[in-house]
Amino acid sequence: MKSKRQEIQEAIQAADNAVFHLNAAKECLRKAGNWGVVDLLGGGLLSTFIKHSKMGDAEQELASAREALRQFAGELADVGDAVDFDIQVNDFLSFADYFFDGLIADWLMQKRISEANQQVTEALERVTQIRSRLQNLAD
């Protein structure tokens with residue numbers, strides 16, 4: 001049976017993994033948004049192609065971030081009887097669910113990119129806060 005300290009360390013590692021993937025998703029969203037602006041300004045076929053490529057990259061990272069957040073939530077559940085942490089993983093997971101749903105209009109896509117970026121930022125802040133609290137317990 002694992003000690004509370006081991007469970008906390010595993011939760012910290014899961015938080016680090018989630019932060020890594022959330023940061024990667026944020027960077028992909030930034031790039032997709034930048035190319036979306038170029039596309040909105042009349043960038044043409046090449047900018048549309050590049051934007052969609054960057055959106056594909058973002059979609060992959062968002063999927064990785066979702067999985068990392070699920071793992072983090074599982075590790076937090078293991079720590080749960082040592083300390084009460086409140087994390088609503090479903091709130092964090094919603095951004096990838098609606099981000100890529102086939103919308104064609106460029107300006108609507110820019111709005112979706114912006115909303116997804118905001119949700120990633122909020123998830124990063126929450127995971128970082130919880131990780132800090134876990135680190136304090138481990139010290």
Novice: Using the side chain to side chain contact (heavy atoms under 4.5 Å, CB included) rule, take Lys31 and Asp57 through it: C-alpha gap first, then chi angles, then the decisive distance, then the call.
Specialist: CA-CA 9 Å; Lys31 289 177 182 178; Asp57 295 345; over 6 Å; no
Novice: Are Phe49 and Met55 connected into the same hydrophobic cluster when the rule is that any two of I, L, V, M, F, W, Y join if their side-chain heavy atoms are below 4.5 Å apart?
Specialist: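 Each belongs to a different hydrophobic cluster.
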Novice: Answer yes if Leu62 and Leu124 sit in the same cluster of Ile, Leu, Val, Met, Phe, Trp and Tyr residues linked by side chain heavy atoms under 4.5 Å apart, and no otherwise.
Specialist: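 Yes, same cluster.
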Novice: Do you know which two heavy atoms are closest between Ala58 and Cys28, and how far apart they sit?
Specialist: CA-CB, 3.5 Å
Novice: Which heavy atom of Ala138 sits nearest to which heavy atom of Gln9, and what is that distance?
Specialist: CB-NE2, 3.3 Å
Novice: Nearest 0.5 Å please: distance from the CD atom of Glu61 over to the CG atom of Asn23.
Specialist: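 Atom-to-atom, Glu61:CD and Asn23:CG are 10.0 Å apart.
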Novice: Please answer whether the main-chain N or O of Ile113 pairs with a side-chain N or O of Asn117 as donor and acceptor at a distance below 3.5 Å.
Specialist: no
Novice: Would Leu46 end up clustered with Val38 when hydrophobic side chains under 4.5 Å apart are linked, directly or stepwise?
Specialist: yes
Novice: What is the minimum heavy-atom distance between His21 and Ala65, and which atoms define it?
Specialist: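 Heavy-atom minimum between the residues: CB-CA, 3.7 Å.
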Novice: If you measure from CZ on Arg126 to CG on Leu22, what distance do you get to the nearest 0.5 Å?
Specialist: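 The CZ atom of Arg126 sits 13.5 Å away from the CG atom of Leu22.
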Novice: Write down the atom of Ala68, the atom of Ala18, and the distance for their closest heavy-atom approach.
Specialist: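 That closest heavy-atom pairing would be CB-CA, 3.6 Å.
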Novice: Begin with the C-alpha distance, continue with both residues' side-chain angles, and end with the deciding distance and a verdict on side-chain hydrogen bond (donor to acceptor under 3.5 Å, both in side chains) for Asp139 and Gln135.
Specialist: CA-CA 6 Å; Asp139 292 340; Gln135 189 63 53; 3.0 Å; yes
Novice: Under the side chain to side chain contact (heavy atoms under 4.5 Å, CB included) test, which residues partner Glu7, sequence neighbours left out?
Specialist: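 Applying side chain to side chain contact (heavy atoms under 4.5 Å, CB included) to Glu7 gives Lys2, Glu10, Glu75, Asp78, Val79.
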Novice: Of the non-hydrogen atoms in Ala15 and Val127, which two are nearest, and what is the gap between them?
Specialist: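 Closest approach of Ala15 to Val127, heavy atoms only: O-CG1, 3.8 Å.
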Novice: Sequence neighbours left out, what passes side-chain hydrogen bond (donor to acceptor under 3.5 Å, both in side chains) with Asp16? Give chain and number order.
Specialist: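 For Asp16, the residues satisfying side-chain hydrogen bond (donor to acceptor under 3.5 Å, both in side chains) (neighbours in sequence not counted) are Arg131.
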Novice: Minimum heavy-atom separation for Ala14 to Phe72, with atom names?
Specialist: CB-CA, 3.7 Å
Novice: Check whether Ile12 and Ile130 end up in the same hydrophobic cluster, where Ile, Leu, Val, Met, Phe, Trp and Tyr are linked by side-chain heavy atoms less than 4.5 Å apart.
Specialist: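 The answer is yes; both residues are in one hydrophobic cluster.
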Novice: In sequence, state the C-alpha distance, the side-chain angles, and the governing distance for Glu122 and Gln118, and then conclude on side-chain hydrogen bond (donor to acceptor under 3.5 Å, both in side chains).
Specialist: CA-CA 6 Å; Glu122 290 170 8; Gln118 180 60 36; 3.0 Å; yes
Novice: Walk me through it: do Arg30 and Lys26 pass the test side chain to side chain contact (heavy atoms under 4.5 Å, CB included)?
Specialist: CA-CA 6 Å; Arg30 184 190 65 76; Lys26 189 168 183 60; 5.9 Å; no
Novice: Looking at CG of Asn34 and CD1 of Ile50, how far apart are the two atoms once the value is rounded to the nearest 0.5 Å?
Specialist: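 Between Asn34 CG and Ile50 CD1, I get 12.0 Å after rounding to 0.5 Å.
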